[in-house]
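Below, chain A is the first sequence line, B the second, and so on; all start at residue 1.
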Protein chains: 2
Amino acid sequence: MGIRAQQKEKTRRALVDAAFNQLSAERSFSSLSLREVAREANIAPTSFYRHFKDMNELGLTMVDEGGLTLRQMMRKGRQRAEAGGSLIRISVETFMEVLDSNPNVFRILLHERSGTSAPFRGAVAREIEHFISELVHYTETTTNRSHDLARAQAEALVTLVFNAGAAALDMKRADRKALAERLVIQLRMIAKGAEVIQEKQDNR
Amino acid sequence: MGIRAQQKEKTRRALVDAAFNQLSAERSFSSLSLREVAREANIAPTSFYRHFKDMNELGLTMVDEGGLTLRQMMRKGRQRAEAGGSLIRISVETFMEVLDSNPNVFRILLHERSGTSAPFRGAVAREIEHFISELVHYTETTTNRSHDLARAQAEALVTLVFNAGAAALDMKRADRKALAERLVIQLRMIAKGAEVIQEKQDNR
DNA sequence: TAGATTAGCTTACAGATGTACGCTCAAATA
DNA sequence: TATTTGAGCGTACATCTGTAAGCTAATCTA
């Protein structure tokens, strides 16, 4: 890569990082201005346009990066789970760890999931869908769940996990621990309940 | 009430209504400006201050109204359920109906629940807490659930319902129907699962 | 009825925002 | 080496924002 392209990439990264760094419980992506981001990245406001068409494009880039983090998390969780132990517990622990080390990546996903920009919502929904369909596949191959039931189950699981994630984001470590415990119980409820419902359907 | 107070109340309502009317899938409360709201309410921007200290105060007022709507909904659901039928199904149906007739009331609740203003998040959390603790009470008196389990169960139920509500807000009628069906199944999973877990704990 | 109160208005201002335009100068290319 | 390209900059502008100050006229109070 030429010197020029290298420098450009560096500035682009600076912009993305600047935006991520400005996210917090009190600051959502949609509340950031182009000028603020440029300021934080130490470039002139107008130079922003050399890298992104507008703030929206920056945001979608960030959502994509968030998706990547999510998928890496899934892989990590799967690996750990293969080593044995409670799948649910291990998944929750992994999720909470990743959440802890990438809070702002989650912030943009969790916030824009219910945000006001349709493209954003779509992008986040797509990332979460990966999660769900992996889970559906896993459930179908390891249990006798019907497809529809597996889907309902997976959606419920993912909903609870992400919701807990949103709540955990701004909690102290101790509260987070309690939250994770309750989440494990709730996930077990769903798993058990789905099992019972499946059995009932089979015996009819 | 004097003429003066009457007129004042009317203008105040106009402001609140103006704000509600400007909410949509593309427009969150936090993206509204004081001037926009005043314009929609047909008053001068500076007259806004005769009624609210700032936009935040208006927003909290709206959340409170939303909470009221929610509680009315609960009451309505309970009445219907007493007439017999599946409690879960009736609750979901009631919820969806209220959602349909007050979309913007829900928008502000669902959006600010994960918004960037702590006071807002707190206010919404308090409203949802009403929901949960009513459900905990109900569960404890009609089943043999332990308190902790009843709480975990109620939280999971409420989480799924609100999440489905957020998804339903911008769906067509047909999709909404399918969503409601799946939600019913998911809620049953939790109810069944909680029951099984309770039994397991009792036999130990 | 005389005086006090106040909802709503107009005017005004400082600050922030997105972005158009044109320049510079280092890097890429021929 | 001579020419082209393009990342980053500074200046500029129209637009929007929240809100301060002070006026008016209708209502309330004594």
How many Å lie between CG on B/Leu34 and P on C/dG8, as a whole number? 14 Å

Between D/dA20 atom C1' and B/Lys53 atom NZ, what is the distance in whole Å? 16 Å

So that I can tick it off, tell me whether A/Arg176 and A/Asp100 are bridged by a salt bridge, with the cut-off set at under 4.0 angstrom between side-chain N and carboxylate O. yes

Considering non-hydrogen atoms only, spot the tightest contact between A/Gly67 and A/Leu109 and give its length. N-CD1, 4.4 Å

Assign B/Arg39 to base, sugar-phosphate, or nothing according to its heavy-atom contacts below 4.0 angstrom with the strands shown. sugar-phosphate

For B/Lys8 and for A/Arg50, locate the closest nucleotide of DNA chain C by heavy-atom distance; then report the residue assigned to the nucleotide nearer the 5' terminus. B/Lys8

Whole Å only: how far is the CG atom of A/Asn42 from the P atom of D/dC9? 9 Å

Just by distance, with hydrogens left out, do B/Glu65 and B/Thr69 show a side-chain donor and acceptor under 3.5 Å apart? no

Applying salt bridge (Lys or Arg N to Asp or Glu O under 4.0 Å), name anything that partners A/Glu9, two or more places apart in sequence or on another chain. none

Tell me which nucleotide among C/dT17, D/dG18, C/dA28 gets nearest to the side chain of A/Ile3. C/dA28

Under 3.5 Å between N/O atoms: give me all the protein pairs with nucleotides 10-13 of chain C, atom names plus distance.
unit_1	atom_1	unit_2	atom_2	d
C/dT10	O4	B/Thr46	OG1	2.7

Please tell me which of the listed nucleotides, D/dT19, D/dT5, C/dG8, lies nearest to the side chain of B/Thr11? C/dG8

B/Glu9 CD - C/dT6 C1' separation (whole Å): 16 Å

To the nearest angstrom, how far is A/Phe48 atom CZ from D/dC9 atom C1'? 16 Å

Out of C/dT17, C/dG18, D/dG8, whichever nucleotide has its closest atom nearest the side chain of A/Gln7: D/dG8

Contact list for residues 140-160 of chain A, test side-chain hydrogen bond (donor to acceptor under 3.5 Å, both in side chains), sequence neighbours left out: A/Glu129-A/Arg151, A/Glu140-A/His147, A/Asn144-A/Asp202, A/Arg145-A/Gln153, A/Arg151-A/Glu155, A/Glu155-B/Arg182

Of D/dG6, C/dC9, C/dT17, the nucleotide closest to the side chain of A/Arg4 is D/dG6

I'd like to know if B/Lys177 and B/Glu93 make a salt bridge, using a cut-off of under 4.0 Å between side-chain N and carboxylate O. no

Mark yes when over 12 heavy atoms from residues, nucleotides or ligands other than B/His137 sit less than 6.0 Å from its NE2; otherwise mark no. no

Between C/dT17 atom P and A/Glu40 atom CD, what is the distance in whole Å? 13 Å

DNA chain D nearest-nucleotide lookup for B/Met1 and B/Asp54: closer to the 5′ end is B/Asp54

Whole-Å gap separating P (C/dC21) and OH (A/Tyr49): 13 Å

In whole angstroms, the gap separating P of D/dT27 from NZ of B/Lys10 amounts to 12 Å

